Amino acid sequence: MVDAGALRRLGEERIDWRFKGMPADAAGMTVAELAAERRNLFDGGFHPPLVVLDAAALEHNLATMRDWCERRGVLLAPHGKTTMAPQLFARQLEHGAWGITVANFAQLRVARAFGVRRVVVANQLVDPAGLRWVAGELARDPEFALYCFADSVRGVEIMAEALRGAPRPVDVLVELGAPDGRAGVRDVATAEEVARAVRGADGLRLAGVAGYEGAIAHGATPESLATVDRYLRDLRDLAGRLDLPDDAILSAGGSAYFDQVADVFDGARTVLRSGAYITHDDGFYRDVSPLRRAGDTPFRPALHAWAQVTSRPEPGLALLTLGRRDISFDQGLPEPHTVRHADGSRSPATGSRVTALNDQHAFLRLGSGTTVEVGDWVDCGASHPCTVFDKWQLLPVVAGDTVVDLVRTWF
């Protein structure tokens with residue numbers, strides 16, 4: 001679980017100019033006080049652009065992933081780098097997550113600051129200062145368990161040297177890569193060398209095999225799905241060659257192919273690391289989601305970017321107060337969904353699309369059925385949530401139009 005006291009202290013932080021989008025008249029209030037006022041998103045003083053989280057969609061996604069993992073008999077250590085929001089880590093753990101995954105020491109320190117006790121670092125740790133800090137954390141908290149990857153004998157040597165004297169070992173997963181992919185050994189012989197080095201190192205314990213199939217495929221074409229299957233079979237076969245302990249884990253599974261991981265690893269102790277499911281999206285993950293491919297109950301997009309129309313300079317064009325500093329654009333541009341007019345009424349943004357983003361503007365080409373005026377609000381869905389959260393330190397959580405909570409991120 002997560003340290004309840006640390007979460008509670010987040011509510012004691014004072015609202016001020018550091019948090020974009022927050023009401024000016026809330027300056028000096030605590031986060032908890034602002035949330036308790038249950039302000040209306042549109043007339044409660046919040047300044048667009050503003051990215052918000054839909055409370056009902058969050059709960060749906062958390063429960064849907066929990067139920068899917070339980071049916072398939074797999075464990076889930078969702079990747080925390082998606083949100084870097086300890087409040088959301090807590091929700092994931094409450095919904096049955098086995099642990100939380102992070103990518104580096106900075107993210108690990110955030111997880112530990114909020115009391116996360118089982119953490120997977122999905123990389124090889126080679127910074128001696130960071131590793132010495134890990135040794136101190138192991139000594140300070142007897143319930144802290146750390147898993148990390150290794151793909152070289154040299155990496156194992158660095159870890160072993162820095163962790164000498166730690167009160168218990170760090171669990172190490174041999175990482176399998178693929179040609180032209182990311183990190184990870186490229187052949188069985190190297191994997192066996194790394195495994196032998198881990199077995200012979202004080203402060204380390206060989207605990208399984210890991211990889212990331214999302215680094216070698218993109219999209220849901222038959223070719224991509226077949227490439228993922230071949231890679232996962234190689235990972236499973238490698239685990240069979242390494243004389244792993246009985247409690248060893250096989251870990252893979254981003255948010256695009258976790259169904260294939262469960263299929264190929266069937267019968268193994270499997271840990272998925274999918275992270276984007278908690279908010280889903282209106283683009284990349286919507287299009288490749290395993291639940292959509294299988295016809296299962298889908299995830300719901302929980303991220304909404306509300307912007308105002310700031311200019312109508314020519315027919316068919318509206319400029320929104322939403323730019324690259326506010327919304328992701330690396331896996332597709334935001335999608336306009338709804339227009340909220342000055343009188344509070346709403347209409348669909350039928351046929352409209354965002355064609356470009358500047359730093360602070362979105363170019364909205366209007367469909368023939370869409371009417372907007374300067375000052376109207378437009379709700380846009382995001383594609384690829386991982387690069388939305390890092391643009392916001394404080395995100396309102398909404399139930400309908402009411403702000404019911406505020407989520408703090410740490411990037």
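Please read these numbers as outputs of a predicted model, since none were measured by experiment.
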Would you list the pairs meeting ring-ring contact (aromatic ring centres under 6.0 Å, His included) in which at least one residue belongs to residues 134-165, sequence neighbours left out?
-> Trp98-Tyr147
Check against ring pair (Phe, Tyr, Trp, His ring centres under 6.0 Å), Phe284 and His218 | CA-CA 10 Å; Phe284 176 73; His218 197 82; 4.9 Å; yes
Can you see whether [X] engages [Y] through a side-chain donor-acceptor pair at a distance of less than 3.5 angstrom?
{"X": "Ser224", "Y": "Thr221", "answer": "yes"}
{"X": "Ser352", "Y": "Thr370", "answer": "yes"}
{"X": "His361", "Y": "Thr321", "answer": "no"}
{"X": "Asn61", "Y": "His280", "answer": "no"}

Do [X] and [Y] have side chains that approach each other closer than 4.5 Å (heavy atoms only, starting at C-beta)?
{"X": "Leu317", "Y": "Leu364", "answer": "no"}
{"X": "Asp54", "Y": "His304", "answer": "yes"}
{"X": "Pro301", "Y": "Asp281", "answer": "no"}
{"X": "Val378", "Y": "Thr338", "answer": "no"}
{"X": "Ile100", "Y": "Gln92", "answer": "yes"}
{"X": "Leu88", "Y": "Val407", "answer": "yes"}
{"X": "Phe46", "Y": "Arg39", "answer": "yes"}
{"X": "Arg241", "Y": "Glu192", "answer": "yes"}

Between [atom1] on residue [X] and [atom2] on residue [Y], distance to nearest 0.5 Å:
{"X": "Leu357", "Y": "Asp326", "atom1": "CG", "atom2": "CG", "value": "9.0 Å"}
{"X": "Gln308", "Y": "Arg340", "atom1": "CD", "atom2": "CZ", "value": "10.0 Å"}
{"X": "Asp229", "Y": "Glu213", "atom1": "CG", "atom2": "CD", "value": "10.5 Å"}
{"X": "Leu62", "Y": "Leu58", "atom1": "CG", "atom2": "CG", "value": "6.5 Å"}
{"X": "Thr409", "Y": "Lys391", "atom1": "OG1", "atom2": "NZ", "value": "11.5 Å"}
{"X": "Phe42", "Y": "Thr402", "atom1": "CZ", "atom2": "OG1", "value": "10.0 Å"}

Please give me the minimum heavy-atom distance between [X] and [Y], naming the atom from each residue.
{"X": "Val404", "Y": "Arg38", "answer": "O-NH1, 3.3 Å"}
{"X": "Leu291", "Y": "Thr297", "answer": "CD1-O, 3.3 Å"}
{"X": "Val264", "Y": "Arg233", "answer": "CG1-N, 3.8 Å"}

Between side-chain atoms of residues 125-133 and protein atoms elsewhere (two or more places apart, or another chain), which donor-acceptor pairs fall under 3.5 Å?
{"from": "Asp127", "atom 1": "OD2", "to": "Gly130", "atom 2": "N", "distance (Å)": "2.9"}

Cation over ring face, Arg66 and Trp68, 6.0 Å, 45° = no
Which residues satisfy the side chain to side chain contact (heavy atoms under 4.5 Å, CB included) test with Cys386, sequence neighbours excluded?
-> Lys81, Thr82, His384
Salt-bridge criterion met for [X] and [Y] (N-O under 4.0 Å):
{"X": "Arg118", "Y": "Asp171", "answer": "no"}
{"X": "Asp16", "Y": "Arg14", "answer": "no"}
{"X": "Glu12", "Y": "Arg9", "answer": "no"}

Partner of Arg72 under side-chain hydrogen bond (donor to acceptor under 3.5 Å, both in side chains), chosen from Asp266, Asp263, Thr270 | Asp263
Taking it one step at a time, do Cys69 and Leu272 satisfy side chain to side chain contact (heavy atoms under 4.5 Å, CB included)?
-> CA-CA 9 Å; Cys69 289; Leu272 302 178; 4.2 Å; yes
Arg112 side chain to Val116 main-chain N or O, any donor-acceptor pair under 3.5 Å?
-> yes
Donor-acceptor contact below 3.5 Å, side chain Arg286 vs main chain Arg300 = no
Show your working on side-chain hydrogen bond (donor to acceptor under 3.5 Å, both in side chains) between Ser347 and His341 and close with a plain yes or no.
-> CA-CA 8 Å; Ser347 61; His341 304 283; 2.8 Å; yes
Centroid-to-centroid, Trp392 to Phe19, below 6.0 Å?
-> no
Residues Arg273, Ser251; criterion side-chain hydrogen bond (donor to acceptor under 3.5 Å, both in side chains); working and verdict | CA-CA 7 Å; Arg273 304 193 307 277; Ser251 180; 2.8 Å; yes
Whether Phe299 and Tyr277 hold their rings parallel, tilted or perpendicular, with breakpoints at 30° and 60° | tilted
Would you call the rings of Trp306 and Trp377 parallel, tilted or perpendicular, where under 30° means parallel and over 60° means perpendicular?
-> perpendicular
More than 12 heavy atoms from other groups under 6.0 Å of CG on Asp67 | yes
